[in-house]
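Just below is one structure, and these are the notes that go with it.
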There are 2 protein chains.
Amino acid sequence: MRSILRAQSGVRSEQELHADDPLFVQSIARAMQVLSSFHQAGRPLTLNEIATAAGIGKSAAQRVVHTLKTLGYIERDPDDRGYVPGIRILDHTLDYLRLNLLIARASPVLLELRRNVRERVDLSLRDDLRLVYASRLQSKRETFFATLVGHSVPVFCTSGGRAVMAHLSDGEVDDIITRSDRTPFTAKTLTEPDAIRKKVREARQNGYAVTLEEVLPGEVALGVAILGPAGVPRGAIHVAGSLGEWQAEEFCARFAPLAAEAARAISRF
Amino acid sequence: MRSILRAQSGVRSEQELHADDPLFVQSIARAMQVLSSFHQAGRPLTLNEIATAAGIGKSAAQRVVHTLKTLGYIERDPDDRGYVPGIRILDHTLDYLRLNLLIARASPVLLELRRNVRERVDLSLRDDLRLVYASRLQSKRETFFATLVGHSVPVFCTSGGRAVMAHLSDGEVDDIITRSDRTPFTAKTLTEPDAIRKKVREARQNGYAVTLEEVLPGEVALGVAILGPAGVPRGAIHVAGSLGEWQAEEFCARFAPLAAEAARAISRF
DNA sequence: ATTGCTTGTATTGCTGTGCGATACGACTGT
DNA sequence: ACAGTCGTATCGCACAGCAATACAAGCAAT
């Protein structure tokens with residue numbers, strides 16, 4: 001079992017792989033490496049921790065942090081002392097969300113969907129082995145993490161991911177499965193390739209995927225893929241509810257058609 | 001009047017101001033400058049547009065864009081062609097939100113507040129002349145922009161901003177007012193220094209601030225400041241509703257106490 | 001088709017930027 | 001008072017990154 005935090009580990013740490021690429025700017029990579037130090041961190045970091053995490057010398061870390069701090073991408077935490085990501089980050093978040101045409105045209109559809117479905121509605125975008133939540137519409141009771149944009153979950157064990165895989169070839173699905181870190185989140189997380197493949201086939205049949213407690217205990221989730229040009233799946237719509245309130249079948253019968261229609265409205269071939 | 005988009009213009013474009021700072025890494029600044037090109041953009045950008053917007057040569061832009069693309073911070077838009085911010089941005093968004101202790105401890109309080117108040121609840125953090133929305137809990141009907149994390153609004157004409165100014169000295173308030181670009185959003189936006197100062201004094205009296213249609217027509221908004229160590233205001237809680245449903249007085253009478261209590265729970269001296 | 005614009009990509013040599021190494025001062029806790 | 005952190009400051013050499021330029025690929029218009 002792994003913490004919900006670890007989902008982010010799908011992000012590879014690009015090291016000195018670019019030694020030969022003449023167009024590759026090392027210092028930018030270092031800067032981003034520094035910002036990425038925070039990915040594994042659970043609290044504000046010290047300069048030396050950043051240096052080690054980023055795999056660079058202390059001098060380099062000093063310069064980079066100084067620069068990023070000047071620019072507002074790193075701050076000192078007012079409560080604790082130590083460095084944290086700076087508020088300027090959010091400017092780029094906004095740019096990402098605004099300029100992503102898929103998100104823009106998804107937004108009204110999602111709000112409408114949320115109005116009909118009274119449960120949590122999420123929009124996620126695929127990034128290789130993971131789905132990154134880009135838009136989150138809460139239901140009444142939610143946890144901290146369920147409100148966070150940028151949170152990511154693996155493709156192989158989530159409803160949205162299965163729905164995405166349903167629109168990929170068997171080869172691609174296998175590729176995803178084998179390359180994924182399939183450490184289970186809960187006792188119910190399916191990790192066996194065959195079990196996952198079976199679920200994907202089901203999703204192909206139904207046009208949507210369901211997962212039961214594979215990421216969070218007590219959660220039923222339903223995912224429908226969003227397709228881009230050439231039928232390539234670009235992400236998914238998720239509807240999530242509590243097994244305390246719903247039978248899985250009823251949940252699907254009620255919400256799958258709505259979610260599917262929403263996904264269709266957003267998809268673009 | 002200005003578009004809601006222009007609020008972001010509070011971000012100064014740091015040019016070659018750092019010519020003498022020996023610790024300042026130029027190429028990082030250039031990279032961020034490139035990413036910031038998207039701030040003013042309304043659509044995917046071409047390489048040359050990026051070069052001009054960032055104020056650098058085409059060669060530099062080429063290298064930087066290539067690097068950022070390799071790292072996943074810039075992508076090509078699948079629909080339109082052109083460059084857009086990449087999904088890797090959202091990883092840093094998550095880091096920012098997770099590691100910001102204020103946001104972490106605000107989250108449950110906000111969710112609780114949202115449960116009692118059935119209107120939109122937002123958490124914003126101050127960045128000099130602006131407030132940046134870090135957490136957004138929608139009500140039933142919302143617009144696209146009202147759901148976007150990272151969106152920012154000026155301090156001088158928003159409920160949260162007035163609440164923040166209420167906890168600053170008169171000198172600091174004047175400083176904010178004079179340095180702000182006070183182009184009005186609506187016909188009701190207060191831009192006169194004296195009018196703003198008066199509103200700030202009211203906010204000091206009441207412990208909260210109200211604005212009527214100063215940013216969006218038909219909107220009543222209520223803001224309470226969140227204080228950090230030494231009583232420094234770090235941001236605000238916003239509750240926003242529609243004047244079609246509420247009288248301003250009733251809105252305040254009902255929600256101000258709740259919002260104030262929430263803000264107190266989050267504040268830390 | 002041919003032309004003329006734009007787009008993105010590739011190459012090279014010189015310049016000056018950014019890293020390593022190192023030293024220093026300010027805080028903590030024992 | 002001490003050892004152990006922390007962040008900051010300085011400086012010279014090596015090599016990373018920019019300007020300049022040329023090339024290729026796509027699109028519009030004639």
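Because the structure is a prediction, the values reported are computed rather than measured. Lettering follows sequence order; numbering is per chain, from 1.
Residues H39(A) and D91(B) have side chains that never bring a donor and an acceptor to within less than 3.5 angstrom of each other. In this structure, a donor-acceptor pair under 3.5 Å is absent between the side chains of T46(A) and E49(A). When only modelled atom types and interatomic distance are considered, S59(A) and Q62(A) share no side-chain donor-acceptor pair under 3.5 Å.
The aromatic ring centres of Y73(A) and H92(B) sit 6.0 Å or more apart.
Ring geometry for Y133(A) against H151(A) counts as tilted: the plane angle lies between 30° and 60°, on a 0 to 90° scale.
Because its NZ or CZ atom is both nearer than 6.0 Å to the ring centre of Y83(A) and within 45° of the ring axis, R76(A) counts as a cation-pi partner of that residue.
One finds no salt bridge joining R43(A) and D77(A) here, because no Lys/Arg side-chain nitrogen approaches an Asp/Glu carboxylate oxygen to under 4.0 Å. Contact check on R204(A) versus D170(A) returns a salt bridge, with a Lys/Arg side-chain nitrogen under 4.0 Å from an Asp/Glu carboxylate oxygen.
Here dG7(D) presents its P atom at 5 Å from CG of L47(A), a figure rounded to the nearest Å. The CD atom of E49(B) sits 11 Å away from the C1' atom of dT7(C) (whole-angstrom rounding). Put simply, CG on N48(B) is 15 Å from P on dC5(C), counting in whole angstrom units.
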- Item | Secondary structure of DNA chain D in dot-bracket form (Watson-Crick or G-U wobble, distances below 3.5 Å, | marking inter-strand pairs) | |.|||.|||||||||||||||||.||||||

- Classify every nucleotide of nucleotides 12-30 of chain C by which part a protein heavy atom approaches to under 4.0 Å, writing B for the base, S for the sugar-phosphate alone and - for neither, in 5'-to-3' order. ------BBBB---------

